[in-house]
S.K.: 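Supplied in structure tokens, the structure appears directly below.
Every heavy atom of this structure was used, including side-chain atoms; hydrogens, water molecules and symmetry mates were not.
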Amino acid sequence: MALDELKSAIPDYAKDLKLNLGSVIGNSDLPQQQLWGTVLSCAIATRSPIVLRELEPVAKANLSPEAYTAAKAAAAIMAMNNVYYRTRHLLSDPEYGNLRAGLRMNVIGNPGVDKVDFELWSLAVSAINGCGLCLDSHEQVLRKAGVSRETIQEAFKIAAVLQAAGATLDAEQVLAQ
């Protein structure tokens, strides 16, 4: 199993990451589509070849073709939106908030899967990319849809652990060269 291989690659100094990988993915209470869509979209967002290579096949095996494509779409659209909205929010001139974005975001309205799942994946990717405006927006949509705080927290815990695993494993790969 790829999760076990990923955990075994984590160095001893990062044992907490190894344990957290097992708990946030291996013992998650999320439904399979939410879990593996979150894992895939976050694996892409980490930009870590190791994390993506190990987890993508498991995610693909646990997702319908539509959910697999939608999880990749969540990572793609949020890569753009997180930069745009984070920048707009960070600029001191509030007038940028009044300007029309003019960017295509059709997939958000019609992701091909349950909107709640897509929103959860988008929130998790936004956590990795550090866009507070996007985090707030997706969290509000999820809460209005009746999603619990615990479910939302599960998604950003997965994001946190995968980001940390990717940073650690990529650094170790560079240092080994």
Side-chain angles (χ1 to χ4, degrees), residues 1-4 6-7 17 20-86 89 101 103-166:
M1 174 187 230
L3 182 58
D4 289 336
L6 194 61
K7 286 174 17 184
L17 296 181
N20 288 331
L21 275 170
S23 66
V24 302
I25 296 173
N27 296 323
S28 176
D29 290 331
L30 293 176
Q32 288 298 297
Q33 181 164 298
Q34 287 183 354
L35 171 64
W36 289 104
T38 301
V39 168
L40 179 58
S41 61
C42 287
I44 293 168
T46 68
R47 296 175 183 84
S48 170
I50 298 166
V51 169
L52 184 57
R53 185 175 45 247
E54 292 302 321
L55 295 178
E56 182 275 339
V58 184
K60 190 172 190 176
N62 282 283
L63 292 169
S64 68
E66 297 80 14
Y68 177 80
T69 298
K72 293 192 307 181
I77 197 69
M78 296 320 296
M80 176 186 73
N81 282 0
N82 293 155
V83 170
Y84 177 81
Y85 287 105
R86 183 179 62 236
H89 177 72
L103 298 172
R104 301 263 181 196
M105 303 175 214
N106 295 327
V107 72
I108 294 172
N110 186 18
V113 295
D114 186 294
K115 186 129 172 76
V116 165
D117 294 350
F118 192 82
E119 289 288 334
L120 193 68
W121 304 337
S122 297
L123 177 130
V125 171
S126 295
I128 289 172
N129 292 333
C131 180
L133 206 58
C134 293
L135 283 166
D136 281 342
S137 175
H138 294 291
E139 190 266 349
Q140 289 171 12
V141 170
L142 289 164
R143 295 293 292 142
K144 284 180 186 169
V147 177
S148 70
R149 286 180 177 87
E150 292 79 10
T151 296
I152 293 167
Q153 182 186 37
E154 282 287 315
F156 64 80
K157 283 168 48 177
I158 291 167
V161 173
L162 289 182
Q163 177 65 20

S.K.: Nearest heavy-atom pair of A43 and T46: which atoms, and what distance?
M.R.: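 Scanning both residues, the minimum pair turns out to be O-OG1, 2.8 Å.
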S.K.: Take L6 and I50, measure what side-chain contact (heavy atoms from CB on, under 4.5 Å) needs, and give me the verdict at the end.
M.R.: CA-CA 8 Å; L6 194 61; I50 298 166; 4.1 Å; yes
S.K.: Are any side-chain N or O atoms of K7 and backbone N or O atoms of N20, one a donor and one an acceptor, separated by less than 3.5 Å?
M.R.: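 No, K7 side chain to N20 backbone: no donor-acceptor pair under 3.5 Å.
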S.K.: Return yes when atom CZ of R47 has more than 12 non-hydrogen atoms of other residues, nucleotides or ligands closer than 6.0 Å, and no otherwise.
M.R.: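 12 or below, so no.
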S.K.: With heavy-atom distances below 4.5 Å as the criterion, would you say the side chains of L17 and L21 are in contact?
M.R.: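 The answer is no, as the side chains (C-beta and beyond) never meet within the 4.5 Å cut-off.
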S.K.: Which pair of non-hydrogen atoms, one from V51 and one from A165, has the smallest distance, and what is that distance?
M.R.: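 Closest pair (atom of V51, atom of A165, distance): CG2-C, 4.2 Å.
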S.K.: Quick check for you: to the nearest 0.5 Å, what is the distance between K60 atom NZ and K72 atom NZ?
M.R.: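 Those atoms lie 7.0 Å apart.
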S.K.: Taking all heavy atoms of L52 and all of P57, pick out the closest pair and write down the distance.
M.R.: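 Closest pair (atom of L52, atom of P57, distance): O-CD, 4.3 Å.
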S.K.: Could you check whether any side-chain heavy atom of E54 comes within less than 4.5 Å of a side-chain heavy atom of L3, counting everything from C-beta outward?
M.R.: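 No, their side chains stay 4.5 Å or more apart.
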S.K.: Which atoms form the tightest heavy-atom contact between L63 and Q33, and what is the distance?
M.R.: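 Nearest heavy atoms, L63 then Q33: CD2-O, 3.6 Å.
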S.K.: Hey, does L40 have a side-chain heavy atom less than 4.5 Å from the side chain of L55?
M.R.: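 They are not in contact (no side-chain heavy atoms under 4.5 Å apart), so the answer is no.
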S.K.: For residues N81 and I108, determine if any side-chain heavy atom of one lies less than 4.5 Å from a side-chain heavy atom of the other.
M.R.: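 Yes. Closest side-chain heavy atoms under 4.5 Å.
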S.K.: Taking side chain as C-beta onward, heavy atoms only, is M78 less than 4.5 Å from Y85?
M.R.: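 The answer is no, as the side chains (C-beta and beyond) never meet within the 4.5 Å cut-off.
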S.K.: What verdict does the side-chain contact (heavy atoms from CB on, under 4.5 Å) test give for I152 and H138, after you've listed the backbone C-alpha separation in whole Å, the side-chain angles of each residue and the deciding distance to 0.1 Å?
M.R.: CA-CA 10 Å; I152 293 167; H138 294 291; over 6 Å; no
S.K.: Could you walk me through whether I158 and L35 pass the side-chain contact (heavy atoms from CB on, under 4.5 Å) test, one step at a time?
M.R.: CA-CA 9 Å; I158 291 167; L35 171 64; 3.7 Å; yes
S.K.: Which heavy-atom pair separates I77 from R104 by the least distance, and what is that distance?
M.R.: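 Taking I77 first and R104 second, the nearest heavy atoms are CD1-O, 3.7 Å.
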S.K.: May I ask you to decide if I25's main-chain N or O and S28's side chain share a donor-acceptor pair within less than 3.5 Å?
M.R.: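 It does not hold such a pair.
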S.K.: Identify every side-chain donor-acceptor pair in residues 121-135 under 3.5 Å, counting partners at least two apart or on other chains, and give the distances.
M.R.:
| unit_1 | atom_1 | unit_2 | atom_2 | d |
| --- | --- | --- | --- | --- |
| W121 | NE1 | Q34 | O | 3.2 |
| S122 | OG | F118 | O | 2.9 |
| S126 | OG | N82 | ND2 | 3.0 |
| S126 | OG | S122 | O | 2.8 |
| N129 | ND2 | N82 | OD1 | 2.8 |

S.K.: Does the pair Q153 and R149 meet the rule for a side-chain contact (heavy atoms from CB on, under 4.5 Å), with working shown?
M.R.: CA-CA 6 Å; Q153 182 186 37; R149 286 180 177 87; over 6 Å; no
S.K.: If I compare all heavy atoms of C42 with all of L162, which pair ends up nearest, and what's the gap?
M.R.: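 Closest approach of C42 to L162: CB-CD1, 3.8 Å.
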